[in-house]
Amino acid sequence: MALAAFSSIAPTDIMTELAAACGLVAGAMLLMQFLSSGRLKTVSSRLGLDVAIGFHRAAATTILLLVAAHVVALGLAGDEWRPGLVIARVGRLVAAQSARSGVLATATLVLLFVLASGNRSRVMRYEVWRIGHGLGALAVVALSADHAWRLGAYVREPAVALAFVVLAAAAVTLVVIIYAVRPLSTRITGFSVQRVRRLSRDIVELVLKSRYPGSFRFRAGQFVWATIGQRHPVTDHPFSIASSPEELPLVRFLIREVGDTTRSLTALQPGLPVGVDGPHGNFTVEDHTARSIVLVAGGIGIAPVLGILRSLQRKGDRRPIRLLVAGRSARDLVEQEEIAAMTRCLDLQIMVLVENAQRPTGWSWDARPRPMWRASLRASTAPGWRASSAARLP
């Protein structure tokens, strides 16, 4: 916008200028999404994947609002703002052949947004969605560039055009790195399946081993993008590491069976190669100097927490550790005996929240009325907190 404001183009009416501004910002934000998708280690390791993906979703919503404002502002670019005239102007703009690429870009963007926000697992497989999302994003960029070049005046200004070229080059470079260069590096670590073990009705433990000790380093609590077998990395999945760095060259994952790929894990044979891209994420305690630690995990979220606990145990950490675990039932709580045994060498106290009163084996348990679980959670950070459990979630 700043480059456009200082260009040699004479401003027109305010609504046309507003439409141009919305289009410029939407285009720039669209290209920036390739850099904030969470696949860059620098981004995910500093901000965390949840923050990166949250920003990605918020930016997508903002882009859609900017596109809508772009269209409405063009409809208001006239002497009269009567609703009928505005709707007629918008209709003519959308129906114009010169705006066809812009209409297609908007329709594709809406489709990507809906599929990414809704329950896409009922519509298509994860791998199909991943490929479609990437190709759709590239299509939106190409169609938007065509639309802007055909109808936009500011985009043709050298400074503005150069800015978009730089952003586009960065986006294309990132795509090439992730889907062409990185597939080669994921095999360098030499990981293959060591064993697969079922821990519960829908959670399995996948253990990988590297042929090249020292080729992979991570911090407890981080995750990787893993590609099973000889597939292309476009089909990779994010898995949290459930082991400690001290266990290398073995790396353990806890994975819930929710899709086609994860449901087939128990059929994997030892020795099958696995591409590993990582580590990613900043859910770690190594960079924190707090005098005590509170860990909260629900369901499969115990995976990175378990990796942190295993690392703290191996290091002989003496800080007070409070663990809150939630699940639908005691059967969904995995590695109960191991975590219970950690209380003997760590200053670890556990609070369990489940939807039924079935008690986990080996875990300290003090059934409380349903309204008490919030009070227990608040008390978990207070001095002198004692192990307690709530029998049922409200």
Side-chain angles (χ1 to χ4, degrees), residues 41 44-45 49 126-127 182-281 283-284 286 297 299-315 331-342 345:
K41 292 183 182 180
S44 65
S45 297
L49 183 66
Y126 169 81
E127 293 83 359
R182 191 169 290 177
L184 301 176
S185 64
T186 59
R187 304 296 177 179
I188 296 177
T189 53
F191 278 107
S192 60
V193 175
Q194 177 78 359
R195 66 177 180 272
V196 181
R197 178 169 63 106
R198 180 169 293 281
L199 301 182
S200 71
R201 55 185 176 181
D202 62 350
I203 296 179
V204 298
E205 180 190 55
L206 172 65
V207 182
L208 305 181
K209 184 177 182 180
S210 175
R211 298 193 306 271
Y212 312 114
S215 62
F216 180 79
R217 290 285 183 267
F218 71 96
R219 293 177 295 168
Q222 291 187 297
F223 72 97
V224 303
W225 293 87
T227 306
I228 307 297
Q230 300 295 337
R231 299 180 180 180
H232 192 276
V234 75
T235 64
D236 59 6
H237 291 69
F239 295 141
S240 293
I241 302 175
S243 55
S244 69
E246 292 78 13
E247 297 179 63
L248 287 170
L250 293 180
V251 179
R252 292 193 269 176
F253 305 93
L254 298 186
I255 303 171
R256 185 180 298 278
E257 298 173 311
V258 293
D260 296 319
T261 299
T262 53
R263 288 194 183 101
S264 62
L265 290 176
T266 53
L268 298 181
Q269 297 298 316
L272 182 71
V274 177
V276 174
D277 172 23
H280 295 266
F283 181 64
T284 64
E286 294 182 7
I300 196 60
I302 192 64
V305 169
L306 185 57
I308 291 173
L309 287 173
R310 286 167 169 165
S311 181
L312 293 174
Q313 180 183 29
R314 286 176 175 265
K315 293 178 179 178
R331 290 185 302 173
D332 296 313
L333 306 178
V334 297
E335 303 292 13
Q336 298 175 22
E337 291 78 9
E338 179 184 355
I339 296 177
M342 292 181 181
C345 52

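Residues Leu265 and Glu257 form no side-chain contact, since every pair of their non-hydrogen atoms from C-beta on lies 4.5 Å or further apart. A heavy-atom distance below 4.5 Å is found between the side chains of Leu248 and Arg217. Residues Met342 and Leu306 form a side-chain contact, since some pair of their non-hydrogen atoms from C-beta on lies under 4.5 Å apart. For the pair Gln269 and Val193, the minimum side-chain heavy-atom distance is 4.5 Å or more. Glu335 has its side chain out of reach of Ile302: every pair of non-hydrogen atoms, C-beta onward, lies at least 4.5 Å apart. The side-chain heavy atoms of Thr266 and Arg198, taken from C-beta on, include a pair separated by under 4.5 Å.
Atom-to-atom distance recorded for Arg201:CZ and Arg256:CZ is 8.5 Å, nearest 0.5 angstrom. Distance check, rounded to the nearest 0.5 Å: CZ of Arg195 to NZ of Lys209 gives 10.5 Å. Summarising the geometry, atom CG belonging to Leu208 is positioned 9.5 Å from atom CD1 belonging to Ile241; distances are rounded to the nearest 0.5 Å. A distance of 9.5 Å separates OG of Ser240 from CD1 of Ile255, quoted to the nearest 0.5 Å. Rounded to the nearest 0.5 Å, atoms CD (Glu246) and CD (Gln313) are 10.5 Å apart. The CD atom of Glu205 sits 11.5 Å away from the OG atom of Ser200 when rounded to the nearest 0.5 Å.
Between Val274 and Ala226 the shortest heavy-atom distance is CG1-CB, 4.2 Å. Counting all heavy atoms, side chain and backbone alike, Val276 lies closest to Phe216 at CG1-CE1, 3.9 Å. Taking every heavy atom of both residues into account, Val305 and Ala297 meet most closely at CG2-CB, 3.9 Å. Residues Pro245 and Ala220 come closest through the heavy atom pair CG-N, 3.8 Å. Residues Pro249 and Phe191 share a closest heavy-atom pair of O-CE2, 3.8 Å. Residues Ser243 and Val251 approach most closely at OG-CA, 3.6 Å, considering heavy atoms.
Put simply, the side chain of Arg310 gets close to the backbone of Ala242: a donor and an acceptor are under 3.5 Å apart.
Aromatic ring orientation, His237 versus Phe239: parallel (interplanar angle below 30°, classes split at 30° and 60°).
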